[in-house]
2 protein chains.
Amino acid sequence: MVTIYDIAKHSGYSIATVSKALNNKHVSDKARVKIMDAVNELHYTPNSSARTLATSKSWIIGIVFDENLGFGLAHPFFSQVIEGFKKHVELYNYDLLFVSRHMGLQEETYKHLLHRGVDGIAVIQSFGEDELRDINMTIPAVYIDRPTSEPGSVYSDNRSGSRLAVNHLADCGHKKIAHIMGDQTTYAGIQRAEGFKEAMAANGLEVRPEYLVDGGYYSQAGGREAMIRLLSLEDKPTAVYAAGDEMAIAAIRVIKESGLKVPEDISVIGFDDIKLAQHIDPPLTTIRQDKEMIGRQAAIMLLDKISHTEESGKDIRKMVPVTLVKRQSVKRIN
Amino acid sequence: MVTIYDIAKHSGYSIATVSKALNNKHVSDKARVKIMDAVNELHYTPNSSARTLATSKSWIIGIVFDENLGFGLAHPFFSQVIEGFKKHVELYNYDLLFVSRHMGLQEETYKHLLHRGVDGIAVIQSFGEDELRDINMTIPAVYIDRPTSEPGSVYSDNRSGSRLAVNHLADCGHKKIAHIMGDQTTYAGIQRAEGFKEAMAANGLEVRPEYLVDGGYYSQAGGREAMIRLLSLEDKPTAVYAAGDEMAIAAIRVIKESGLKVPEDISVIGFDDIKLAQHIDPPLTTIRQDKEMIGRQAAIMLLDKISHTEESGKDIRKMVPVTLVKRQSVKRIN
DNA sequence: TTAATTATGTAAAGCGCTTTCGATAGGAGA
DNA sequence: TCTCCTATCGAAAGCGCTTTACATAATTAA
């Protein structure tokens, strides 16, 4: 391995000067040129461990997400968020570290991140407690997809999303609207359900308890269960708003299997706008989350925290807007 | 930050002994207990930079993929491969580093990885030259989705995949079979096209030049173009085998738009088995790549290279099998 | 010409850890 | 009792880099 000493020797300057030249501190032009020549000639690359050790700055951001629930790298929503996040932070020369989880305990994960000396942490995990918090966290962090007790979180405007969905359904003449809720320990699930109730009230619509069913963790399996329950009702809804696209898709399938049609018999609207949404039959009307934007905002917020380490903006919670995308799973009725 | 010195002071032993205790070298039981007590009490976490500096072992594996073509974190195929890869390496306590690309040059990327001192590199990039190779690469690496001039690559058995596809089509009575090729600078694209020709020959079928169209980089846009070209032909094919699901999906859409039906008028078969495949109408018959397995095999191979640094098995190329999954986009004709 | 600045470069300490090699103490063997 | 091992621990060097504090050379001002 070629080190800064080699460069020093080769260029005739001391390692101190070499270091300065490499870090754009002031050295004479002559020195800079000679040093850079040596660098190129010897193919020198500084060692980041040594640098990190000396500066306590790693230029690494740790990513934590909960893989127990399948919210991993391959998750359609989170992977896009991360992508947006990455695109932004790499502009500032940060690399991303995905740490291994060793099953479970947040504390372990946090310790590991501490061990790695990351400059910041992005947590993508929509449910559960602020466990990292309790561990006396000192590393700047940002939470994605749910607010936290401490500043630094970005998430979609879930309530507005529900309002958009319900209003659209109401505009189309629907009165008997059901809601397949996302898991009620997740922030998004709670907010979407609350928003649903509010919007129903605002439209002068009744929310019947039997129309409020839990679809669990946004999976197709959960959506399936929920929709079956809904279809077993004597007085079926004419429209269902599912708190996630996967659930909506499963719901549509169940409806079709039962011999009914979407949207002729029952309208369905989802949440997320995953890629799949536009490809199913009928194309799914849904509330789009701006994943790219969520990632970017999270990145901006985290970088800000990292640089203004002293308690910058107090209570930063960034809500990113959602939009209604109309496709063909909702129909006007009279 | 609490360091090994704090533990030494607190436990009454020297840092050397503390280090040994921490690394499971032999120390007396008494010392071990006292030291561990101190570790727990002070919430000590070793600093990985310091450790890496001293041992030149980082426990980090760098991931490189080409984001220019959209093969990023959110890519349905690669993200699953990485997930499989990650699941395996984390068993051995490696973390994954996604480095920022700074646009283009492989050399930059490699230098950056060198700078980071990663223990190994996984390259996910199916086209272009073995650029990393030329840079006098010394870090163990494994290539995913294409073979390389040096040992260490894992990829699907693309030729067999084509054979599976063509045989299935032929078995169903199709004779006029077209192939929407993947980009012919990618290994997979080339192999699938070759396999197609071979299998056609093996079935005594003619491969007409006008039935061989390039779909580009596996995108829907490319598939769309290609299919339009095919439909403009006087004598249309009765079946088309697309080298990627996205292209197949686009093809189906084009066919439907033209007023024809899938599979009644034209059968379509894809390659990959992305999640979308089962949700479109009709559900897509396709060749499934075992992404999880590809990732795992790559991980196994890389870890092996890392430990047996001395040129272990010479020419390791692992081909993972593909399977035909029959759904409803292919129909028997007479 | 001389004193006062300023520009430029370097020695040395320190970041937190591992590891070699030697020191010491206690126990075994004779 | 004395010598020789063994077991256990620690001093110190070193990993590659940054940074402070200072020395020296080059300029400028007077």
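Chain A is the first sequence line, chain B the second, and so forth, proteins listed ahead of strands; every chain is numbered from 1. Nothing here was measured: the structure is a model prediction, and the numbers come from that model.
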Per-pair distances, 0.1 Å, donor-acceptor, side chain in residues 19-34 of chain A, under 3.5 Å, sequence neighbours excluded:
unit_1  : atom_1 : unit_2  : atom_2 : d
A:Asn23 : ND2    : A:Ser19 : O      : 2.7
A:Ser28 : OG     : A:Ala31 : N      : 3.1
A:Arg32 : NH2    : A:Lys25 : O      : 3.3

Inset, instruction - Go through residues 26-43 of chain B and report each residue with a non-hydrogen atom lying under 4.0 Å from DNA chain D, sorted by number. - result: B:His26, B:Val27, B:Ser28, B:Ala31

Inset, instruction - Could I get the full list of side-chain hydrogen bond (donor to acceptor under 3.5 Å, both in side chains) partners for B:Gln297, not counting sequence neighbours? - result: none

Inset, instruction - Enumerate the residue pairs fulfilling salt bridge (Lys or Arg N to Asp or Glu O under 4.0 Å) with a member in residues 36-55 of chain A, sequence neighbours excluded, ordered by first and then second residue. - result: none

Inset, instruction - Quick one: which residue pairs count as a ring-ring contact (aromatic ring centres under 6.0 Å, His included) with a foot in residues 29-64 of chain B, not counting sequence neighbours? - result: B:Trp59-B:Tyr94

Legend entry - Counterpart residues, side-chain hydrogen bond (donor to acceptor under 3.5 Å, both in side chains), relative to A:Glu292 (two or more places apart): none

Inset, instruction - Taking all non-hydrogen atoms of both residues into account, name the closest pair between B:Ile124 and B:Ile82 and its distance. - result: CD1-CD1, 2.9 Å

Inset, instruction - Please round to 10 degrees the angle between the axis of the first five pairs and the axis of the last five pairs in the helix from C:dT1-D:dA30 to C:dA30-D:dT1. - result: 40°

Inset, instruction - Do nucleotides 16-24 of chain D as a string where each nucleotide becomes B, S or -: B if the base has a protein heavy atom under 4.0 Å, S if just the sugar-phosphate does, - if no protein is that close. - result: BBBBBB---

Inset, instruction - May I have the distance from A:Lys57 (atom NZ) to C:dG14 (atom C1'), rounded to whole angstrom? - result: 21 Å

Inset, instruction - Could you tell me which residues satisfy side-chain contact (heavy atoms from CB on, under 4.5 Å) with A:Thr52, sequence neighbours excluded, listed by chain and number? - result: A:Ser58, B:Ser49

Inset, instruction - Could you tell me which residues satisfy side-chain hydrogen bond (donor to acceptor under 3.5 Å, both in side chains) with B:Asn47, sequence neighbours excluded, listed by chain and number? - result: none

Inset, instruction - Could you list the residues that satisfy ring pair (Phe, Tyr, Trp, His ring centres under 6.0 Å) with B:His10, not counting sequence neighbours? - result: none

Legend entry - Partner set under side-chain hydrogen bond (donor to acceptor under 3.5 Å, both in side chains) for A:Ser14, not counting sequence neighbours: A:Thr17

